[in-house]
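Structure first, then comments.
Per chain, numbering begins at 1; letters A, B, ... match sequence-line order.
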2 protein chains.
Amino acid sequence: MATMNDVAKAAGVSTSTVSYVLSGKRTISQETREQVLAAIRKLDYSPHSGARSLASSRSNVLGLMVPLRADVNVSVIMQFVAGVVTTARDYNQDVLLLTQDDTDGIHRVTSQSIVDGLLMMDIEARDPRIPQLAKLRKPAVLIGFPDDPQGLSCVDLDFAAASRTAVRHLSELGHRSIGFIGSPQASLERHATYADRARKGFEDACQAAGIAADPRACEPTSAALADALDAMFSRQEPPTALVVHNEGLLPLLREALALRGLQIPKDVSVVAIAPEDAAMAAAQPWTAVSIPAHDIGRAAVEMVMDRLNSDKPVEIRLIVPSLVQRETSAARS
Amino acid sequence: MATMNDVAKAAGVSTSTVSYVLSGKRTISQETREQVLAAIRKLDYSPHSGARSLASSRSNVLGLMVPLRADVNVSVIMQFVAGVVTTARDYNQDVLLLTQDDTDGIHRVTSQSIVDGLLMMDIEARDPRIPQLAKLRKPAVLIGFPDDPQGLSCVDLDFAAASRTAVRHLSELGHRSIGFIGSPQASLERHATYADRARKGFEDACQAAGIAADPRACEPTSAALADALDAMFSRQEPPTALVVHNEGLLPLLREALALRGLQIPKDVSVVAIAPEDAAMAAAQPWTAVSIPAHDIGRAAVEMVMDRLNSDKPVEIRLIVPSLVQRETSAARS
DNA sequence: CTGTTAGCGCCTTCAG
DNA sequence: CTGAAGGCGCTAACAG
């Protein structure tokens with residue numbers, strides 16, 4: 001492996017000149033620069049990240065803590081991750097993967113200066129990691145919106161507003177009784193903030209509009225869906241519309257309703273809260289409030305980098321949801 | 001941040017002693033060791049990873065290249081990843097996440113000594129990354145089994161044997177016409193090795209046993225499944241059994257068959273090639289050849305670490321599949 | 001069993 | 001606009 005010294009010799013300059021050519025932190029004459037670049041190419045030189053991080057106290061690595069839980073939807077996670085990794089590369093950062101159950105991962109990667117900053121997914125209302133992160137001298141961004149961010153940056157879709165938007169849409173179509181099929185019980189019990197907020201938003205919106213609400217948790221399985229639907233549609237005032245915040249159920253829903261003699265949207269209107277591609281995947285695309293997972297991932301990286309490179313203040317960014325009407329919602333018949 | 005020097009002073013020893021206490025690379029008296037450990041605790045010392053990697057040319061980081069493609073099943077990926085990350089931690093390594101489309105990611109993390117070794121997922125038959133990896137001086141492990149590994153380590157489930165096992169099971173139950181519902185067309189076209197091998201194994205096994213075979217590619221959507229089933233069951237010799245190598249379709253299959261008046265296993269036996277948990281998720285658990293994604297991930301890490309720490313030879317490890325009969329396969333009626 | 005010391009490769013201040 | 005040189009924190013000979 002060639003070192004910076006080798007390059008300097010080959011180019012007939014000093015190492016500092018090579019360093020500055022690379023970092024652009026001072027002006028170098030066109031001529032010298034080209035010599036240096038030529039030498040770099042010739043020797044196939046790459047800087048040694050350890051040496052760089054030792055000298056500059058920057059590792060150019062961001063830590064991303066990902067949930068590998070059964071109760072969170074994997075495809076949404078992947079989209080977040082994709083957004084994070086892609087954006088990180090734009091900032092010349094790499095991404096280190098941490099898992100939720102790596103309990104002292106935060107301390108390890110941070111105290112050893114393995115990472116410059118942290119991104120935390122799947123935040124809970126009173127997430128025990130928050131106080132830990134708040135003490136660090138490295139920036140951290142929460143993807144989620146806890147009860148008390150303790151001075152940390154947060155970014156997420158405004159899930160409460162997402163539900164409200166869905167309810168408003170259905171209300172405008174004349175629906176007066178709406179069911180909500182949400183995240184699995186486990187997500188609610190640990191107060192994953194997206195699950196809590198979506199459900200709360202739904203209840204509040206229905207109450208405000210004087211609409212009968214029937215929110216239910218649901219595992220992403222046929223059996224659980226069947227139970228939920230049976231319960232909903234055997235009530236005195238069965239729903240004429242559903243809000244579904246559970247991507248895993250979308251592929252199952254149409255047939256489950258069909259088995260009960262219900263057609264979409266003739267008998268039941270449905271609004272999904274789901275990533276765009278999940279909503280578009282079906283033969284009959286879902287009317288949906290989209291979860292811009294990729295964009296949220298991007299925003300999260302931008303926010304850490306902002307705090308790393310400048311003294312931009314901490315911010316809490318709630319992304320405003322938007323609903324696209326497609327083929328699964330219609331006026332109440 | 002305390003440095004090793006601070007610790008040494010506090011403990012009244014030299015830095016090398018501290019270093020050796022930490023690395024265990026030479027014997028230290030009980031007494032000194034305890035002094036050092038006490039000082040470490042008191043100062044809340046952590047070694048600086050950059051400095052360490054500079055001095056030892058080991059970063060303690062493994063690179064993992066993950067496909068973020070639409071045509072690969074995300075939940076299987078997550079299980080691989082979980083296996084990799086967990087095992088990496090057992091070896092005191094962290095995991096850096098690279099994506100397939102980060103075209104020069106391999107060169108970057110490798111030439112800058114960001115990682116000590118690489119794990120590549122979703123290998124294709126003639127994967128263009130293989131020659132690139134073969135040239136490196138860092139170990140790499142392929143998760144998959146390409147036409148020519150070029151001296152690299154490989155590990156994967158023996159998908160051909162998985163299909164053979166499934167066919168044998170069905171054959172023993174008396175089935176003489178078997179359909180195969182496999183990976184999406186896109187996976188086959190780029191010759192993802194699991195897709196190719198599973199399909200090939202199916203065809204070969206059927207031919208050898210004189211069984212009518214009907215292999216089809218299928219997207220993980222209701223519509224695609226409907227097409228595939230319609231085509232299969234409108235043939236002269238409709239299948240009495242199916243082998244399904246596509247986790248995304250499992251939640252949809254029962255109802256799709258029911259719509260056509262077919263019950264499992266009375267009218268159609270089904271063997272899934274899928275992760276254990278996917279097979280067990282259904283109300284009626286699937287007879288399945290399991291894809292031990294987590295174990296494969298673990299094995300992959302063990303193999304890089306072997307090559308990193310010792311001079312164990314390169315190996316190609318094909319994991320022998322095993323079938324568990326559950327409720328979806330029965331004797332041909 | 002322990003200490004001394006020379007790097008590892010890069011960044012950056014200080015001189016020029 | 002460029003060079004010289006110290007130091008970042010740790011490892012691993014070498015010396016005792």
Side-chain angles (χ1 to χ4, degrees), chain A residues 1-37 39-40 43-61 92 108-114 116 137 309, chain B residues 1-37 39-40 43-61 92 108-116 137 308-309:
Chain A
M1 288 284 95
T3 74
M4 201 151 138
N5 227 320
D6 301 333
V7 173
K9 279 179 198 153
V13 300
S14 73
T15 58
S16 62
T17 301
V18 178
S19 175
Y20 285 120
V21 167
L22 254 26
S23 70
K25 289 192 182 176
R26 81 182 180 193
T27 42
I28 303 278
S29 71
Q30 185 62 19
E31 197 185 7
T32 340
R33 158 189 270 84
E34 273 165 17
Q35 307 240 304
V36 170
L37 291 176
I40 287 177
L43 299 180
D44 189 24
Y45 164 78
S46 307
H48 185 287
S49 77
R52 166 176 287 173
S53 94
L54 179 56
S56 69
S57 36
R58 278 287 191 105
S59 66
N60 285 14
V61 173
N92 190 32
R108 175 166 39 84
V109 299
T110 237
S111 65
Q112 302 190 163
S113 296
I114 296 176
D116 293 336
R137 292 207 286 309
N309 295 330
Chain B
M1 288 284 94
T3 74
M4 198 150 161
N5 228 319
D6 301 334
V7 173
K9 279 179 197 152
V13 300
S14 72
T15 58
S16 64
T17 299
V18 178
S19 175
Y20 286 120
V21 166
L22 254 24
S23 70
K25 289 192 181 175
R26 79 182 181 192
T27 42
I28 303 277
S29 71
Q30 185 61 19
E31 195 186 10
T32 341
R33 160 191 269 84
E34 273 165 16
Q35 308 241 303
V36 170
L37 291 176
I40 288 178
L43 300 179
D44 188 24
Y45 165 77
S46 307
H48 186 286
S49 78
R52 166 177 287 173
S53 96
L54 178 56
S56 70
S57 35
R58 278 287 191 103
S59 66
N60 285 16
V61 173
N92 192 31
R108 176 166 38 84
V109 300
T110 237
S111 65
Q112 303 188 164
S113 296
I114 296 176
V115 304
D116 293 335
R137 293 205 287 311
L308 223 39
N309 294 331

Inset, instruction - Ignoring backbone atoms, establish whether R52(A) has a side-chain N or O less than 4.0 Å from OP1 or OP2 of dG9(C). - result: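 For dG9(C), OP1/OP2 do not have a side-chain N/O of R52(A) under 4.0 Å.
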Legend entry - Distance test, side-chain N/O of K25(B) to OP1/OP2 of dA12(D), below 4.0 Å: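 Checking K25(B) against dA12(D): at least one side-chain N or O falls below 4.0 Å of OP1 or OP2.
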Legend entry - Side chain R33(A), main chain I28(A), donor-acceptor under 3.5 Å: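 Present.
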Legend entry - T17(A) side chain to V13(A) backbone, donor-acceptor under 3.5 Å: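 A pair under 3.5 Å: no.
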Legend entry - 5'-most by nearest nucleotide on DNA chain C - Q30(B) or A51(B):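 Result of the comparison: Q30(B).
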May I have the distance from [X] (atom [atom1]) to [N] (atom [atom2]), rounded to whole angstrom?
| X | N | atom1 | atom2 | answer |
| --- | --- | --- | --- | --- |
| L54(B) | dC8(D) | CG | C1' | 9 Å |
| H48(B) | dG9(C) | NE2 | P | 17 Å |
| Y20(A) | dC10(C) | OH | P | 15 Å |
| N5(A) | dG3(D) | CG | C1' | 13 Å |
| N60(A) | dC11(C) | CG | C1' | 13 Å |
| R26(B) | dT11(D) | CZ | C1' | 11 Å |
| M4(B) | dG7(C) | CE | P | 19 Å |
| E31(B) | dT2(C) | CD | P | 8 Å |

At under 4.0 Å between heavy atoms, what does [X] touch on the DNA or RNA strands: base, sugar-phosphate, or nothing?
| X | result |
| --- | --- |
| S19(A) | base |
| L22(A) | nothing |
| V18(A) | nothing |
| T32(A) | sugar-phosphate |

The side chain of [X] lies closest to which of these nucleotides: [options]?
| X | options | result |
| --- | --- | --- |
| T17(A) | dG3(C), dA12(D), dG3(D) | dG3(D) |
| S56(B) | dC10(C), dC10(D), dT11(D) | dT11(D) |
| S14(A) | dA12(D), dA4(D), dG3(C) | dA4(D) |
| T15(A) | dG3(D), dA5(D), dC1(D) | dA5(D) |

Legend entry - S59(B) and D116(B) side chains, donor-acceptor separation under 3.5 Å: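 A pair is found: one side chain offers a donor N or O, the other an acceptor, under 3.5 Å apart.
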Legend entry - From OG1 (T3(B)) to CG (L43(B)), nearest 0.5 Å: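 Spacing of OG1 (T3(B)) from CG (L43(B)) equals 9.0 Å.
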Legend entry - Option from V36(B), D6(B), L22(B) for which side chain to side chain contact (heavy atoms under 4.5 Å, CB included) with Y45(B) holds: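 In the set V36(B), D6(B), L22(B), the residue that makes a side chain to side chain contact (heavy atoms under 4.5 Å, CB included) with Y45(B) is L22(B).
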Legend entry - base_contact_polar (dT4(C) base, S16(B) side chain, donor-acceptor, <3.5 Å):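 Yes, a donor-acceptor pair under 3.5 Å.
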